[in-house]
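Report on the structure given below.
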Amino acid sequence: AQSVTQLDSHVSVSEGTPVLLRCNYSSSYSPSLFWYVQHPNKGLQLLLKYTSAATLVKGINGFEAEFKKSETSFHLTKPSAHMSDAAEYFCVVSDYSGGYNKLIFGAGTRLAVHP
Amino acid sequence: DAGVIQSPRHEVTEMGQEVTLRCKPISGHNSLFWYRQTMMRGLELLIYFNNNVPIDDSGMPEDRFSAKMPNASFSTLKIQPSEPRDSAVYFCASSPGPLRQPQHFGDGTRLSIL
């Protein structure tokens with residue numbers, strides 16, 4: 001079965017410092033992995049996706065993630081945090097066992113950015 | 001381009017009342033998904049439609065919940081009768097096809113049942 005585990009429920013950083021949000025996955029086949037962001041009272045916005053092409057994936061707003069098969073990880077990073085990055089972030093894996101792209105969500109990591 | 005549109009954005013109603021949530025997917029997307037988000041359970045898929053046909057409703061919690069998609073541009077999620085434990089944020093998402101990515105989400109409906 002497909003699953004993801006987000007290792008931190010809350011992360012707090014200072015503006016201008018690096019961001020690291022950790023995600024491990026479990027998959028019985030080559031996975032499709034995503035990071036989504038949810039700002040308060042908004043829907044989920046796709047940050048980036050991995051679909052078995054390049055292992056280093058660049059997304060919007062300066063975020064990137066690296067797929068590491070040996071570590072079953074897909075951590076999200078950004079070199080320098082901005083106040084507007086404060087939001088909840090979801091690591092997501094696709095489950096195709098039902099014949100369609102069923103998204104399996106992690107529990108989420110709430111990112112706080114301090115001045 | 002217009003994204004996924006949900007209405008209402010907020011709904012407050014009393015226990016026992018019927019609640020209807022509405023969704024307009026992105027034009028040309030033939031896959032539609034309803035999700036529920038709660039603190040306890042996170043994001044859960046309730047039901048998936050492809051070409052207006054319900055394909056997977058295994059996530060629908062109980063018979064009080066029903067969903068329809070009468071045409072390619074409109075879907076409803078109905079709760080009757082509503083209960084306080086149904087309070088949650090309900091999201092609709094659409095994608096170009098069943099195996100196509102990504103899913104595009106609406107801004108959600110925040111439902112409070114008193």
Side-chain angles (χ1 to χ4, degrees), chain A residues 1-10 23 27 29-53 57-60 63 65 67 74 76 87-110, chain B residues 2-11 21 23-26 29-51 53-59 88-112:
Chain A
Q2 314 294 93
S3 67
V4 288
T5 301
Q6 294 184 242
L7 302 174
D8 307 291
S9 58
H10 291 83
C23 173
S27 177
Y29 44 78
S30 182
S32 293
L33 293 160
F34 310 83
W35 277 97
Y36 278 85
V37 61
Q38 184 180 24
H39 288 94
N41 299 314
K42 300 292 284 184
L44 285 84
Q45 180 185 18
L46 180 70
L47 276 179
L48 50 80
K49 63 180 179 181
Y50 167 78
T51 54
S52 74
V57 182
K58 293 189 183 299
I60 62 172
F63 284 94
F67 174 74
F74 189 58
L76 182 70
E88 185 140 23
Y89 292 79
F90 293 93
C91 182
V92 183
V93 65
S94 286
D95 181 348
Y96 294 105
S97 62
Y100 69 97
N101 180 20
K102 181 177 182 177
L103 299 184
I104 308 299
F105 287 83
T109 298
R110 186 166 297 277
Chain B
V4 175
I5 299 172
Q6 292 186 245
S7 63
R9 290 295 316 278
H10 303 274
E11 175 89 11
L21 311 182
C23 174
K24 176 178 170 58
I26 293 172
H29 284 193
N30 60 15
S31 291
L32 184 138
F33 307 81
W34 281 101
Y35 292 88
R36 179 171 66 176
Q37 185 179 35
T38 61
M39 291 292 293
M40 292 296 294
R41 301 173 66 91
L43 275 151
E44 306 172 279
L45 177 67
L46 299 178
I47 188 167
Y48 158 60
F49 289 88
N50 188 52
N51 290 326
V53 176
I55 303 298
D56 182 359
D57 65 356
S58 59
V89 182
Y90 291 81
F91 289 102
C92 178
S94 70
S95 68
L99 298 175
R100 297 281 300 278
Q101 305 149 358
Q103 291 182 20
H104 298 260
F105 284 76
D107 284 344
T109 295
R110 184 173 296 275
L111 177 63
S112 297

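Sequence lines set the chain letters: A, B, ... in the order given, protein chains first and strands last, and positions in each chain run from 1. Any value given below was found using the heavy atoms of this structure, including those in side chains, with hydrogens, waters and symmetry copies removed.
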- Got a sec, which residues hit salt bridge (charged side-chain N to carboxylate O under 4.0 Å, His left out) with A:Glu88, two or more places apart in sequence or on another chain? A:Arg110
Listed pairs under 3.5 Å, donor-acceptor, residues 98-108 of chain A side chains, sequence neighbours left out:
{"from": "A:Tyr100", "atom 1": "OH", "to": "B:Asp56", "atom 2": "OD2", "distance (Å)": "2.6"}
{"from": "A:Asn101", "atom 1": "OD1", "to": "A:Ser94", "atom 2": "OG", "distance (Å)": "2.5"}

- Task: Measure A:Lys42 against the heavy atoms of chain B and call it side chain, backbone, both or neither at under 4.5 Å.
- Result: both
- Note on the structure: So, the part of A:Gln38 with a heavy atom under 4.5 Å from chain B: the answer is side chain
- Item | Partner chain A: residue of B:Gln37, B:His104, B:Arg110, B:Glu44 with the largest heavy-atom pair count (under 4.5 Å) | B:Gln37
- Message: Let's go through A:Leu44 and B:Leu43 carefully: what are the C-alpha distance in whole Å and the side-chain angles of both, what is the deciding distance for side chain to side chain contact (heavy atoms under 4.5 Å, CB included) to 0.1 Å, and is it a yes or a no?
- Response: CA-CA 11 Å; A:Leu44 285 84; B:Leu43 275 151; 3.8 Å; yes
- Shortest non-hydrogen contact from A:Tyr36 to B:Pro102? OH-CB, 3.8 Å
- Message: Within this structure, what is the CG-CD distance for the pair A:Leu46 and B:Gln103, rounded to the nearest 0.5 Å?
- Response: 10.5 Å
- Does atom NZ of A:Lys49 have more than 12 heavy-atom neighbours from other groups under 6.0 Å away? yes
